Every structure is written in structure tokens, then in C-alpha cells.
2 protein chains.
Amino acid sequence: MEFRKHQSAGYLVNHMARLFARGLAARIKPMGLSIGTFPALLELWETDGLTQKQLTERLDIEQATMANTLARMERDGLITRKRDSADGRKQRICLTNRARHLHAPAIAAATAENHAALRALSTDEQRQFITLMQKIIASNTDTTTKDQ
Amino acid sequence: MEFRKHQSAGYLVNHMARLFARGLAARIKPMGLSIGTFPALLELWETDGLTQKQLTERLDIEQATMANTLARMERDGLITRKRDSADGRKQRICLTNRARHLHAPAIAAATAENHAALRALSTDEQRQFITLMQKIIASNTDTTTKDQ
DNA sequence: ATACCTTGTATAGCCTGCTATGCAATAATA
DNA sequence: TATTATTGCATAGCAGGCTATACAAGGTAT
């Protein structure tokens, strides 16, 4: 049973994710943002008016998690939710002005955190790292029913 | 503002961590374990009777998080907590028989999950990936006051 | 038209992470 | 020795992840 945590991918991935989360949280807290909203904001900055369903699919997040995240975002004045006139089940998620104005500083913060977190790696190593993660994610994600 | 999530280390790390967590959770659920207990169990399987303080330092987890995790572990019959006779503030964490017997199957589950999650990578790439993560974690961890 | 199925959200309840705070035991100092 | 500081743990409260479940809106089928 020679299991060494520092050689275990799962252990390292978890630890690394907590370190990234702490770092980004500290950077975006001053602008009133928390990390859970970030992925949703990224999607909405690119295409406003997405459905909750579309967000869950694009972000690989469970529907219930997204519903709760959107509730907090609405509470914090980042989004508004409007029922779709054509299909009363759907809710269109729209950014508020506040959220639109946070685009540039939030992206800057995320970029800075990525840079800082990877500072121990050379440019080549950083590229390798990204590529390896993309492979891992692709092979562990069910793409058969996503984002059609 | 050309920010692409699939090129962002932070985004990928978060997604990857959720995938690993889902995978391990599914594998250890049948034995009545959840992922939050795993790091603590790893330490205790190696050296039983550690203090809560020692656990938080070795796992880079906040004290409050560890206190809650240990409370769940005690509730679930994985550990017992005994006050230290020499220093009444400290609590020695000891594994129950149940936890000791879970060692082998739990390690097997974690090993299997690591293997499955990395199946898209060659042996060389897996080594590179581990090494890169170790570098990132080391450069983002404050080692000045840890584990003295 | 009625009954049934599917789809999109919401809610309840839990785990795992965090910060902030309280408190008891010990250590240090005036 | 009495006071103060430090140390170790617990608790409150929240964010963000999950599963299970409820429910209303929209389709389908008889």
C-alpha cells in the first residue's frame, strides 16, 4: 500500500485547484465577485441572454448548482432573469450594467492569477500543462449529449 | 478582451478537479467514504494519533474545515478524538477499526481513479503532468511556517 | 379534449471549502 | 501571583459543488 499523495494526480489536482481558487478569490473580492460566478460571467460576456440550460451544458455544471449560482448573481445585481415569451419554461439570463462594466477588470484579475500561479513554469512548460489538462478533460467528459 | 476559457489554467484546473472529485466520489461511496475525508485518512493511515493542528498543516486545509471534516468522520465511525494528557488543548485523532480496514480498498479506488482519469496520457505525459503540478503547488504554497 | 410524457427550473439536504469569531487551556510577563 | 498573550479547537455563516425530488410549461398520443 505504498500510496504517496505527492505522486497522486487526484490529490495534486485537488490541492492545486484550492490554491487557484484562493488566489482568484482574493483578486476579485474587491470588485464584489466570487469565484463561482466567474464561469457563468465568461459565457454571458461572450453571448448575453443564454438560457440556464445552455449555461449548465457549456460549463459542465449540474443544473441545481447553476440555479443556486444564478440566484446569488441575481441577488448581487449581476444578472436579471426573464421568462422566454416563446417557451414559458425557459429563462433568459441577461447581464446588468454592473456586470458588463466588470468585464475588463475581472478578465485582468483572472489573467494575473493565471500568470502568478504558473510563474514557476517556463513558457514551454505552461503550454504543455495546458495541453495535458485539455486532454484529460476531453477524455473525462461525456461529449455525446453536450451543447447540441 | 480575448479570454478563452479552454486556454485558461485556472478554468481548466477547476474543471479537472471537479471531474476527479466526481470519479473518486463514485468509487468510494460504496464503502461509505466521501472525498473530504480522504486526505485525512491518508495521513492517519501512515501515522495514527496525529493532532488536528498537524493534520491541517500537512494537508494545507484551514483549521475550521478540518474541524468539520473530523466531526463528520467521528459521526461516521472513522475516528475517535481524545484529549492529550500533557496538553489539554490538543486532540489526538485515532482511527477506528473500521477506518483501518478501509485502507486497502480505499487506496485501490484512488489508484484506479487516477489511472482512469489519466488514461488519455502516455506514461511520459503522466510523469510530466505530475511534475508540473508539483512545481505549481510548491511555488504557490507558503512553506515558511509549515510542518515544523 | 384528456391523459401522459418530456423539458426547464426550483428546492431540500448534504459535503467540502472559506472567513470570522468565541473560548478554554497553556505560556509568558509584569 | 495576577494579568496578558498565545495556542488549539469549535461554531456560525456563507459559497459552491453534488443528488434527489417537486412542479409547472410544453408536447404527444389516444
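Below, read A as the first sequence line, B as the second, and so on, with proteins coming before strands; counting in each chain starts at 1. It should be emphasised that the depicted structure is a prediction, and the values quoted were computed from it without experimental measurement.
A donor and an acceptor atom, one from each side chain of Asn14(A) and Arg18(A), are located under 3.5 Å apart.
Protein atom CZ of Arg89(A) is 16 Å distant from nucleotide atom P of dC5(C), rounded to whole Å. Rounded to an integer number of Å, the gap from CG of Leu19(B) to P of dG17(D) is 12 Å. Rounded to whole Å, atom P of dC9(D) lies 15 Å from atom CE of Met73(B). Atoms NZ (Lys82(B)) and C1' (dC9(D)) sit 18 Å apart, rounded to a whole Å. Rounded to an integer number of Å, the gap from CZ of Arg75(B) to C1' of dT16(C) is 12 Å. Rounded to whole Å, the distance from NZ on Lys53(B) to P on dA10(D) is 14 Å. If you take CZ of Phe38(A) and C1' of dA15(D), they are 16 Å apart, rounded to a whole angstrom. Put simply, CG on Leu70(A) is 13 Å from C1' on dG8(C), counting in whole angstrom units.
Considering only side-chain atoms of Ala67(B), the nucleotide from dG8(D), dG8(C), dA10(D) that sits closest is dA10(D). In this structure, the nucleotide among dT26(C), dA10(D), dT16(C) sitting nearest to the side chain of Ser34(B) is dT16(C). In this structure, the nucleotide among dA10(C), dG8(D), dG8(C) sitting nearest to the side chain of Gln52(A) is dA10(C).
Residues Ser85(A) and Lys90(B) each lie close to DNA chain D; by heavy-atom proximity, the contact nearer the 5' end of the strand is made by Lys90(B).
In this structure, the side chains of Arg100(B) and Asp48(B) come closer than 4.5 Å at one or more pairs of heavy atoms.
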Please write out each protein N/O paired with an N/O of nucleotides 17-19 of chain C under 3.5 Å, distance rounded to 0.1 Å.
unit_1, atom_1, unit_2, atom_2, d
dC18(C), OP1, Arg22(A), NE, 3.0
dC18(C), OP1, Arg22(A), NH2, 2.8
dC18(C), OP2, Glu62(B), N, 3.1
dC18(C), OP2, Thr65(B), OG1, 3.1

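Taking 4.0 angstrom as the limit, Gln91(B) places a side-chain polar atom (N or O) nearer than this to OP1 or OP2 of dA10(D).
Among the candidates Asn114(B), Ile107(B), Leu42(B), the single residue satisfying the side chain to side chain contact (heavy atoms under 4.5 Å, CB included) test with Ser8(A) is Asn114(B). Residue Phe20(A) is tested with Ile136(B), Leu12(B), Asn140(B) for a side chain to side chain contact (heavy atoms under 4.5 Å, CB included); the sole match is Ile136(B).
Of the inter-residue distances, the one linking Ile61(A) atom CD1 with Arg58(A) atom CZ reads 15.0 Å to the nearest 0.5 angstrom.
For CD of Glu74(B), the number of neighbouring non-hydrogen atoms (other residues, nucleotides, ligands) closer than 6.0 Å is greater than 12.
Note on Arg92(B) versus Asp87(B): no salt bridge recorded, every NZ/NE/NH1/NH2 to OD/OE distance being 4.0 Å or above.
Contacts of Arg83(B) with the nucleic acid, taken as non-hydrogen atoms under 4.0 Å apart, are absent.
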